Amino acid sequence: MSSSDVIIDLLLPLFRWSSGLVSFESLQLNYIIAGRLFPMNSGDLGFYLGVILGIVIYSFFYEQVHRTYALKWYALSAVPFVGYWLLVIRLQRFLFGMENMGLWFIQPVKEIYTLLGIACGGAATFYVLYHLATYLKRTTMIKWLRLTVITFTGTVGLFTLATLLLAGISPAVFVFLGVTSSFGVFVFLIIVTLFFGEIMADLLVSSSLDLD
């Protein structure tokens, strides 16, 4: 067994588990990298790459973002991907099953789904962070975001460089995308939890004031 097989087989269960929280595997939708079917489908992969990209941009250019940002338009920009994920993928999977992929209404185009996912992942992240910035102390929030970026960069860089030196470029691409998308999943779950926590707090406070 080659070193590339050893590395990927070692990390694949982790990537498959983290991807399984938000995605599924399909020959029609997933990329084949280093001879393996990548665990996260192309659209979801793009979305979580966009999440990481959005956090990087926001944490270092937040002043420019807040000067040019229009909350309603960024919220709307996530609608096409949400529609694709909920209606095209989940609904068709429910109606026809993955064994009848020929019945898909919209034939999957991996690269388009990935680019759409990146755009919408970044937009959704801006939307959530913009909202949280009105409730949380901005300097503390930016500090934690930058710490997240540094942690992410160090982790991804370490795994990717080690894989590149030991196994070559294709396994390194596989590991880079696996670590990045897995990281994006958990970061997005955290910030969305904070987002809805703030909304629920608003509702509870408003309800208590109405009762008074």
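Model, not experiment: these values are computed from the prediction. What you see below is based on every heavy atom in this structure, not just the backbone, and it leaves out hydrogens, waters and symmetry mates.
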Inset, instruction - Show your working on ring pair (Phe, Tyr, Trp, His ring centres under 6.0 Å) between Y127 and F195 and close with a plain yes or no. - result: CA-CA 10 Å; Y127 178 81; F195 174 73; 5.7 Å; yes

Inset, instruction - Quick one: do F15 and F38 satisfy ring pair (Phe, Tyr, Trp, His ring centres under 6.0 Å)? Show the steps, please. - result: CA-CA 9 Å; F15 297 160; F38 192 78; 7.0 Å; no

Legend entry - Residue pair L10, I7: steps toward the side chain to side chain contact (heavy atoms under 4.5 Å, CB included) verdict: CA-CA 5 Å; L10 184 65; I7 292 171; 5.8 Å; no

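Across every non-hydrogen atom of A167 and P171, the tightest pair is O-CG, 3.7 Å. Heavy atoms only, all atoms of each residue included: S59 and V149 are closest at OG-CG2, 3.8 Å. Of all non-hydrogen atoms in L132 and I191, the two that sit nearest each other are CD1-O, 4.0 Å. For F186 against S18, the heavy-atom pair with the smallest separation is CE1-CB, 3.9 Å. Closest heavy-atom contact between I55 and T125: CG1-CG2, 3.7 Å. Residues F126 and G54 come closest through the heavy atom pair CE1-O, 3.3 Å.
Between the side chains of T114 and Y31, a donor-acceptor pair is found at a separation under 3.5 Å.
To the nearest 0.5 Å, atom OG1 of residue T163 and atom CG of residue L158 are 9.0 Å apart. Within the model, atoms CG of L45 and CD1 of I118 stand 7.5 Å from one another, a figure rounded to the nearest 0.5 Å. Taking CG from L189 and CG from L194, the interatomic distance works out to 11.0 Å, rounded to the nearest 0.5 Å. Atom OG1 of residue T140 and atom CG of residue L145 lie 11.0 Å apart, to the nearest 0.5 angstrom.
Contact of the L129 side chain with the M141 side chain is registered, since non-hydrogen atoms from C-beta on lie closer than 4.5 Å. A 4.5 Å side-chain heavy-atom check between T139 and I142 finds every atom pair outside the cut-off. Counting heavy atoms from C-beta on, the side chains of N30 and K110 never come closer than 4.5 Å. Using a 4.5 Å cut-off on side-chain heavy atoms (C-beta onward), M40 and V185 make contact. By the 4.5 Å heavy-atom criterion applied to side chains, L49 and L177 are counted as neighbours. Inter-residue side-chain proximity for L164 and I169 is flagged as met; some heavy-atom pair is nearer than 4.5 Å.
Counted within 6.0 Å of CD1 on I112, heavy atoms from surrounding residues, nucleotides or ligands total 12 or fewer; the atom is thus considered open.
Following chains of ILVMFWY side-chain contacts shorter than 4.5 Å, one cannot reach L115 starting from V173, and the two form parts of different hydrophobic clusters. Using a 4.5 Å cut-off between side-chain heavy atoms of Ile, Leu, Val, Met, Phe, Trp and Tyr, with links allowed through other members, L161 and I8 fall into different hydrophobic clusters. Residue V56 is grouped with residue F61 when hydrophobic side chains (ILVMFWY) are merged at heavy-atom distances under 4.5 angstrom, including chains of intermediate members. Cluster membership check: V187 shares its hydrophobic cluster with V192, using side-chain heavy-atom separations under 4.5 Å among Ile, Leu, Val, Met, Phe, Trp and Tyr. By the rule that hydrophobic residues join a cluster once side-chain heavy atoms approach within less than 4.5 Å of another member, L147 and I57 end up as members of separate clusters.
Here the two rings, on F176 and F159, have centers that are 6.0 Å apart or farther. A ring-centre distance under 6.0 Å is not found for Y58 and W144.
Of the listed residues (F188, F152, Y48), just one forms a ring pair (Phe, Tyr, Trp, His ring centres under 6.0 Å) with F183, and that residue is F152.
Looking at S182, its side chain never comes within 3.5 Å of a backbone N or O of V179 through a donor-acceptor pair.
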